[in-house]
Amino acid sequence: MMRMHTLYHRLTLFSFSSPLSLLPLAPPLHLTLRRRTTANFSSMSTSRLRHIAPLAAISTEDGTGGASNGSVSSSSTADASNDYEDDSVLGVGYRVPPPEIRDIVDAPPVPALSFSPFRDKIIFLKRRSLPPLTELARPEEKLAGLRIDGHCNSRSRMSFYTGLGIHQILPDGTFGPEVEIHGLPEGAKINFVTWSPDARHLSFSIRVNEEDNNTSKLSVWIADVETGKARPLFQSPDVYLNAVFDNYVWVDNSTLLVCTIPSTRGPPPKKPLVPGGPKIQSNEQRNIIQVRTFQDLLKDEYDEDLFDYYATSQLVLASLDGTTKDFGPPAIYTSLDPSPDEKYIMIDSMHRPYSFTVPCGRFPKKVELWTADGKFVRELCDLPLAEDIPITSNSVRKGMRSINWRADKPSTLYWVETQDGGDAKVEVSPRDIIYSQPAEPLEGEQPVILHKLDLRYGGISWCDDSLALVYESWYKTRRVKTWVVSPGSEDVPPRILFDRSSEDVYSDPGSPMSRRTQAGTYIIAKIKKEGDDGRYVLLNGSGATPEGNVPFLDLFDINTGNKERIWESDKEKYFETVVALMSDQEEGDLQLDRLKILTSKESKTENTQYNFVSWPDKKIVQVTNFPHPYPQLASLQKEMIRYQRKDGVQLTATLYLPPGYNPSTDGPLPCLVWSYPGEFKSKDAASQVRGSPNEFAGIGSTSALLWLAKRFAILSGPTIPIIGEGEQEANDSYVEQLVASAEAAVEEVIRRGVAHPKKIAVGGHSYGAFMTANLLAHAPHLFSCGIARSGAYNRTLTPFGFQNEDRTLWEATNTYVEMSPFMSANKIKKPILLIHGEEDNNSGTLTMQSDRFFTALKGHGALCRLVILPYESHGYSARESIMHVLWETGRWLHKYCVSNTADAGEDQDIGTVKENISKGVTDAESKVVAASGGGSKEACDLEHEQSHSLPRKIT
């Protein structure tokens with residue numbers, strides 16, 4: 001019996017990308033199930049899917065999924081495990097952390113996994129670990145919000161797979177011998193792996209020598225699943241993939257539609273030495289255009305020409321027998337979507353006029369319908385440039401949007417049109433209307449109104465003519481509604497199935513599980529119970545409770561609302577989840593007594609494993625046996641703790657302690673608090689417990705949990721709720737609520753005797769960095785030092801909103817100023833380490849934010865240090881960069897937390913600490929109870945020269 005024996009992947013956590021979608025019942029975001037792609041487990045928590053990777057979506061910019069492992073050269077790196085105190089080496093190249101941490105980060109990643117459409121085979125997608133900095137240093141074009149590798153003609157910084165191995169899943173749940181995909185060029189880098197609809201072939205792209213302009217381009221290959229033999233799809237070696245947007249799609253079992261680089265394309269346009277004139281933008285029409293702080297936008301006509309050059313594709317219809325046919329004219333194609341019956345293809349493209357104000361997602365967009373053999377049918381819409389979408393939450397583009405195929409019909413389209421002009425501030429009923437129409441309507445046949453919504457459309461889960469679930473939501477009130485509709489019966493009125501708050505996790509009924517159809521689409525799985533005529537579906541839920549999440553699977557009668565719990569996670573030791581439905585090979589309703597699901601199982605100290613569970617006796621077959629990824633921390637201690645903020649809000653956090661630690665004999669430890677604020681509309685919702693005490697501790701390459709290896713206590717994710725009840729705006733009392741939450745967390749770890757009062761550090765990434773800087777400014781009595789990575793510190797530089805704040809600087813001037821730690825730089829007296837990627841492209845977190853904040857701090861004599869990482873974006877991916885970040889973090893913690901001597905000789909009991917915390921409260925902080933009506937309030941989320949390849953450090 002063959003089982004999987006691999007190491008746990010401790011880097012980026014991947015999830016499947018389509019079809020096995022587990023659709024939420026009331027999602028605030030649009031949900032679409034594309035056909036002809038790979039199994040999608042994306043609605044499940046990523047912690048359950050550490051080994052399951054997106055096949056077609058491995059083009060992301062994270063860079064940690066599969067790039068080659070680059071070791072830091074001895075010429076640019078010093079062993080820094082023992083030189084934290086040696087200031088003479090502070091500017092000497094890249095550094096590496098101590099071996100205890102380095103060994104965890106350098107552990108090799110396991111293969112990613114993907115099931116076939118029929119669940120009878122599984123692919124092992126093999127990958128290397130952290131990429132070298134040289135891969136990030138490759139030239140890239142920053143155009144229209146994208147970053148493009150001109151040599152590959154794809155998005156830059158793509159990770160990749162190094163090999164593919166296929167296993168048959170045997171009847172007993174074990175795996176047959178590996179069939180390795182062979183015949184590839186040496187050193188092939190694999191991307192965009194996709195199953196054919198009949199699961200007989202795999203398609204994927206490869207690139208080889210990135211120094212050569214031709215071989216670095218992507219070519220499309222095909223592999224026979226049974227034999228593993230791979231070959232190029234195109235007989236001509238000069239046909240290359242254009243992967244800037246969509247790349248290719250299976251039209252049927254033997255044909256692909258491929259976005260290729262036009263064969264007539266010449267060299268890229270050259271930038272003129274002398275511009276033809278000034279750069280001019282005009283608003284003489286007095287249009288109101290408010291946009292977030294987008295980056296990498298087009299700047300001039302040359303950029304427009306360059307964008308056209310790289311983004312333009314020639315569609316080619318390619319058969320497995322080698323025949324090819326051009327499909328339509330060259331254009332910037334962004335999406336290819338075949339109909340379920342394989343007769344039509346819906347094609348999205350964009351065109352001029354472009355914008356210097358917004359990214360390409362808002363450029364003019366055309367949606368057309370073509371036959372599968374390349375004949376134009378009709379234009380569905382041609383949307384104009386959308387620069388004027390309001391910044392208010394739930395505002396959308398005007399005109400037809402979310403155009404998709406009905407998953408339960410051969411070739412029926414549906415879409416949504418806003419009735420409020422896309423402006424969420426406009427009061428109107430209905431706000432959105434859902435329409436449906438055949439691909440080729442009869443003459444005079446008008447679209448049918450499927451449903452009218454007063455909130456914003458959030459997606460549809462299709463089943464058949466008698467059942468579909470329609471979702472709508474409204475962010476300002478957190479309201480989410482799920483409707484039951486009968487698409488084929490106009491005389492059956494829609495009815496509300498669920499009407500609840502998206503924040504109330506305790507009331508979440510779960511998401512309907514989907515099954516695959518013979519057409520390759522995914523619809524709601526209907527369940528047949530023997531001797532019962534009820535209309536049942538399966539609801540897969542997280543099971544949030546005051547004691548933590550207890551995931552479940554309910555058999556739910558869609559007519560009566562009655563439900564029966566047919567599976568539930570272990571509550572005592574383990575945390576289990578339902579990952580996917582595995583018994584949907586046959587058409588029609590699924591029999592409950594023949595149900596088969598894939599589940600995950602883990603504990604605080606046991607790595608995630610996957611199991612098949614089969615009815616009627618719920619027989620369990622374990623299909624993986626992953627060893628512990630970091631055995632040196634196998635006995636770490638983990639506890640989900642609860643405590644209360646001064647205004648009565650219940651808070652939670654996960655407390656990690658080193659292996660073998662005993663507070664009664666070992667005394668208090670240095671402690672690192674790592675968090676990220678969240679926004680809520682009610683105290684009750686903010687007080688709810690999220691997560692499970694039994695989840696396995698996944699440690700990423702820059703995780704705070706790495707410092708358990710250096711005997712730190714780690715307070716991970718203490719809730720920092722910023723609450724705005726009723727008409728109150730959460731951010732108007734951001735600082736007060738932030739400080740109150742931090743005080744409660746610090747007081748709790750000190751009360752427990754696990755944290756030394758004078759040796760508590762705070763840190764965070766992005767909005768967590770913003771939090772860190774604010775805490776050092778407004779609560780200096782709590783922390784010895786801070787670490788802030790990739791943050792934004794001056795909100796006047798994001799004047800048209802940030803995170804979930806949708807008021808402008810001019811509408812909420814005081815809030816913008818008071819929330820900005822830049823404006824309180826003169827108050828920061830505790831040591832602060834700023835780290836930022838030099839090429840950060842995240843909206844709002846420009847690298848300039850850290851540069852200017854450091855200048856402000858230095859101007860007031862603050863103890864501070866700024867590290868700028870060459871070539872890195874918002875998250876860090878190169879091995880050199882990650883190791884250096886860990887070294888900088890270790891040095892900072894060692895020097896200003898572990899070795900902190902400020903009053904360190906004075907033993908303080910909890911009473912003294914409480915008194916000091918109370919004395920440290922500012923006048924502003926004392927307003928927290930009143931500001932939140934006895935509750936609290938919320939803050940938001942979101943936000944090349946080789947000679948310069950050393951991190952820039954300023955101290």
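This is a predicted model, so every value here is computed, not measured.
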**Student:** Heavy-atom count around Glu387 CD within 6.0 Å, excluding the residue itself: above 12?
**Tutor:** yes
**Student:** Sub-3.5 Å donor-acceptor pair from the side chain of Arg406 to the main-chain atoms of Pro340, do we have one?
**Tutor:** no
**Student:** Are Thr312 and Asp308 close enough that a side-chain donor and a side-chain acceptor fall under 3.5 Å?
**Tutor:** no
**Student:** Would you confirm whether Ser116, through its side chain, and Arg119, through its main-chain N or O, come within 3.5 Å as a donor-acceptor pair?
**Tutor:** yes
**Student:** How many angstroms lie between CD1 in Ile882 and OG1 in Thr702, if you round to the nearest 0.5 Å?
**Tutor:** 6.5 Å
**Student:** How long is the span from the NZ atom in Lys365 to the SG atom in Cys381, to the nearest 0.5 Å?
**Tutor:** 6.5 Å
**Student:** Is the shortest side-chain heavy-atom distance between Phe175 and Ile169 below 4.5 Å?
**Tutor:** yes
**Student:** Relative to each other, are the rings of Tyr94 and His884 parallel, tilted or perpendicular (30° and 60° limits)?
**Tutor:** perpendicular
**Student:** Go through the steps for Leu383 and Arg401 under the test side chain to side chain contact (heavy atoms under 4.5 Å, CB included), then give the verdict.
**Tutor:** CA-CA 9 Å; Leu383 304 178; Arg401 71 181 198 277; 5.8 Å; no
**Student:** Quick check: closest heavy atoms across Trp221 and Leu184, and the distance to 0.1 Å?
**Tutor:** CE3-CD2, 3.7 Å
**Student:** Are the side chains of Asp348 and Leu336 in touch, meaning some heavy atoms are under 4.5 Å apart?
**Tutor:** no
**Student:** Rounded to the nearest 0.5 Å, how far does CG of Leu257 lie from CH2 of Trp250?
**Tutor:** 12.5 Å
**Student:** Verify, without hydrogens or angle tests, whether Asp120 (side chain) and Gln168 (backbone) share a donor-acceptor contact under 3.5 angstrom.
**Tutor:** no
**Student:** Ignoring hydrogens and geometry beyond distance, is a side-chain donor-acceptor pair present between Asp337 and Ser335 at under 3.5 Å?
**Tutor:** no
**Student:** Using a 4.5 Å cut-off on heavy atoms from C-beta on, say whether the side chain of Leu202 contacts that of Ile166.
**Tutor:** yes
**Student:** Answer yes or no: is there a side-chain heavy-atom contact under 4.5 Å between Ser154 and Val244?
**Tutor:** no
**Student:** Looking at every non-hydrogen atom in both residues, tell me the closest pair between Ser196 and Asn253 and how far apart they are.
**Tutor:** CB-O, 4.4 Å
**Student:** Determine whether Asn242 and Tyr333 make a side-chain contact, defined as any pair of heavy atoms from C-beta on separated by less than 4.5 Å.
**Tutor:** no
**Student:** Before you tell me yes or no, could you show the steps for Asn841 and Ser873 under side chain to side chain donor-acceptor pair (under 3.5 Å), namely the whole-Å CA-CA distance, both residues' side-chain angles and the distance that decides it to 0.1 Å?
**Tutor:** CA-CA 6 Å; Asn841 63 348; Ser873 186; 2.8 Å; yes
**Student:** Can you see which heavy atom on Trp370 is nearest to which on Gly328, and at what distance?
**Tutor:** CH2-CA, 3.7 Å
**Student:** Cut-off 3.5 Å, side chains only: do Ser205 and Tyr248 have a donor facing an acceptor?
**Tutor:** no
**Student:** Any salt bridge linking Glu226 with Lys121? Criterion: basic side-chain nitrogen under 4.0 Å from a carboxylate oxygen.
**Tutor:** yes
**Student:** Are Cys152 and Lys217 side-chain neighbours, meaning at least one heavy-atom pair lies under 4.5 Å?
**Tutor:** no
**Student:** How about Lys325 and Thr323: do any of their side-chain heavy atoms sit closer than 4.5 Å?
**Tutor:** no
**Student:** Over 60° means perpendicular and under 30° means parallel, so classify the ring planes of Phe307 and Phe245, tilted if in between.
**Tutor:** perpendicular
**Student:** Distance-only, no hydrogens or angles: does the Tyr161 side chain make a donor-acceptor pair with backbone N or O of Pro111 under 3.5 Å?
**Tutor:** no
**Student:** Has Thr847 got a side-chain atom pairing as donor or acceptor with Gly837's backbone, closer than 3.5 angstrom?
**Tutor:** yes
**Student:** With no hydrogens and no angle check, is any side-chain donor or acceptor of Ser319 less than 3.5 Å from a backbone partner on Asp321?
**Tutor:** no
**Student:** Do any N or O atoms from the side chain of Arg265 and from the backbone of Ser313 form a donor-acceptor pair under 3.5 angstrom?
**Tutor:** no
**Student:** Using modelled atom types and a 3.5 Å cut-off, is there a donor and acceptor pairing between side-chain atoms of Ser254 and backbone atoms of Leu320?
**Tutor:** no
**Student:** Can you tell me how far the OG atom of Ser216 sits from the NZ atom of Lys189, to the nearest 0.5 Å?
**Tutor:** 9.5 Å
**Student:** Starting from the C-alpha separation in whole Å, work towards a yes-or-no answer on side chain to side chain contact (heavy atoms under 4.5 Å, CB included) for Asp296 and Leu143.
**Tutor:** CA-CA 6 Å; Asp296 299 340; Leu143 301 169; over 6 Å; no
**Student:** Give me the atom names and distance for the closest heavy-atom approach of Ser402 to Asn404.
**Tutor:** O-ND2, 3.2 Å
**Student:** Atom CE of Met883 and atom CG of Leu133: how far apart are they, to the nearest 0.5 Å?
**Tutor:** 13.5 Å
**Student:** Whether the side chain of Ser129 engages the backbone of Asp106 through a donor-acceptor N/O pair (distance < 3.5 Å, no angle test) should be reported.
**Tutor:** no
**Student:** Could you grab the distance from atom CG of Leu241 to atom CG of Asn247, nearest 0.5 Å is fine?
**Tutor:** 5.5 Å
**Student:** Looking at Ser701 and Val105, what are the two nearest heavy atoms and their distance?
**Tutor:** O-CG2, 3.8 Å
**Student:** Should Trp405 and Thr521 be marked as a side chain to side chain contact (heavy atoms under 4.5 Å, CB included) after you check the CA-CA gap, both sets of side-chain angles, and the distance that decides it?
**Tutor:** CA-CA 10 Å; Trp405 298 106; Thr521 61; over 6 Å; no
**Student:** Strictly distance-based, threshold 3.5 Å: is any side-chain N or O of Glu872 a donor or acceptor partner for the main-chain N or O of Ser877?
**Tutor:** yes
**Student:** Would you say Glu839 and Arg157 make side-chain contact, with heavy atoms under 4.5 Å?
**Tutor:** yes
**Student:** Can you confirm whether Arg200 is buried at CZ, in the sense that more than 12 heavy atoms of other residues, nucleotides or ligands lie under 6.0 Å from that atom?
**Tutor:** no
**Student:** Check the angle between the aromatic planes of Phe124 and His167 and answer parallel, tilted or perpendicular using the 30° and 60° thresholds.
**Tutor:** tilted
**Student:** Check step by step if side chain to side chain contact (heavy atoms under 4.5 Å, CB included) holds for Tyr871 and Glu135.
**Tutor:** CA-CA 9 Å; Tyr871 305 115; Glu135 291 194 7; over 6 Å; no
**Student:** Which heavy-atom pair separates His836 from Leu846 by the least distance, and what is that distance?
**Tutor:** CE1-O, 3.5 Å
